Amino acid sequence: MLKQKTKVIEAGGAKYRLGKMDARSASYLAMKAAALIAPALGDFRKMGKAEAAKAAASALPSLPREEFDEIQTMLLRTVCKLTETEGVEMPIPIMKADGSFVDDFMAYDAVTVMKLTVQALMFNIGGFFQEAGLIQKPAK
């Protein structure tokens, strides 16, 4: 059962709405991430949080550019910028059909793009890693 279909976050001084991708796409990303990160983690149960994050980050450079672009585009297609119009927040997709950004400024805002990418990834496949015991569930 799908608990939450959307999540609103702030990045780069603006509000964005993250959306869930379909289960097959999310499964593909979860398997891809697990295959990439798991070998670097080894026995993650013996690692501290900082050590596990460092090991996972060291695995990322091995991802070919084409695969990274494909994954990032899949994730960013789930993101809409929330723009207020007449007192109502209207969702505007941040990506065009050709994979370019709707707002040209975003093409040069690496910090916001990476934050949106990471947040969309965790929103879409974070549950997979929690179930596998790779990350802890947030405290309630």
Side-chain angles (χ1 to χ4, degrees):
M1 182 154 132
L2 185 61
K3 293 180 181 179
Q4 186 180 7
K5 286 187 178 182
T6 63
K7 177 181 177 181
V8 175
I9 65 164
E10 289 193 26
K15 281 185 174 180
Y16 295 90
R17 185 185 74 196
L18 309 176
K20 286 287 187 183
M21 56 180 50
D22 67 273
R24 292 179 73 198
S25 295
S27 297
Y28 168 76
L29 287 180
M31 291 297 113
K32 191 68 146 167
L36 180 68
I37 294 171
L41 290 176
D43 189 357
F44 62 87
R45 291 174 297 245
K46 294 180 181 177
M47 293 182 175
K49 259 186 172 178
E51 193 178 5
K54 186 177 178 182
S58 70
L60 295 178
S62 66
L63 187 65
R65 173 68 188 256
E66 296 79 24
E67 288 182 47
F68 177 82
D69 287 347
E70 174 196 15
I71 290 168
Q72 187 174 47
T73 299
M74 287 174 68
L75 290 165
L76 293 177
R77 285 189 194 281
T78 70
V79 179
C80 291
K81 184 175 183 178
L82 296 175
T83 305
E84 189 172 321
T85 304
E86 297 180 15
V88 177
E89 286 186 335
M90 301 296 295
I92 311 284
I94 65 167
M95 302 288 291
K96 295 179 187 176
D98 67 1
S100 64
F101 291 104
V102 170
D103 292 327
D104 291 335
F105 80 90
M106 194 168 269
Y108 301 96
D109 188 354
V111 173
T112 298
V113 169
M114 284 305 299
K115 182 173 183 175
L116 293 172
T117 301
V118 170
Q119 290 287 326
L121 178 68
M122 293 313 297
F123 182 63
N124 276 283
I125 67 169
F128 169 80
F129 291 103
Q130 287 174 347
E131 292 298 320
L134 294 174
I135 59 174
Q136 293 182 358
K137 294 180 182 180
K140 291 185 179 181

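Since the structure is predicted, the reported quantities are computational estimates derived from the model, not experimental observations. We're numbering straight along the sequence, starting at 1.
Distance check, rounded to the nearest 0.5 Å: CE of Met74 to NZ of Lys32 gives 10.5 Å. Remark: Met95 CE to Lys81 NZ distance equals 15.0 Å, nearest 0.5 Å.
Residues Leu75 and Phe123 do not share a hydrophobic cluster, defined by chaining ILVMFWY side chains whose heavy atoms lie under 4.5 Å apart. Taking hydrophobic clusters as Ile, Leu, Val, Met, Phe, Trp and Tyr residues chained together by side-chain heavy-atom distances below 4.5 Å, Leu121 shares a cluster with Phe68. In the hydrophobic clustering of ILVMFWY residues, with side-chain heavy atoms under 4.5 Å counting as a link, Val79 and Met21 come out apart.
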Give the C-alpha distance, both sets of side-chain angles, the deciding distance and a yes or no for side chain to side chain contact (heavy atoms under 4.5 Å, CB included) between Asn124 and Lys20.
CA-CA 6 Å; Asn124 276 283; Lys20 286 287 187 183; 3.8 Å; yes
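Counting heavy atoms from C-beta on, the side chains of Tyr16 and Gln119 never come closer than 4.5 Å. Taking the side chain as every heavy atom from C-beta outward, Cys80 and Ile92 never approach each other to under 4.5 Å.
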Please tabulate, one pair per line, all N/O donor-acceptor pairs under 3.5 Å involving side-chain atoms of residues 102-116, not counting sequence neighbours.
residue : atom : partner : partner atom : Å
Asp109  : OD1  : Thr112  : N            : 3.2
Asp109  : OD1  : Thr112  : OG1          : 3.2
Asp109  : OD2  : Thr112  : OG1          : 2.7
Lys115  : NZ   : Glu10   : O            : 3.0

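The minimum heavy-atom distance linking Ala97 with Arg77 is given by the pair O-NH2, 3.3 Å. What you find for Ile94 and Leu76 is that their closest heavy atoms are CG1-O, 3.7 Å. Counting all heavy atoms, side chain and backbone alike, Ala26 lies closest to Ile125 at O-CG2, 3.3 Å.
Sorted by first and then second residue, the salt bridge (charged side-chain N to carboxylate O under 4.0 Å, His left out) pairs involving residues 83-100 (not counting sequence neighbours) are Lys15-Glu89.
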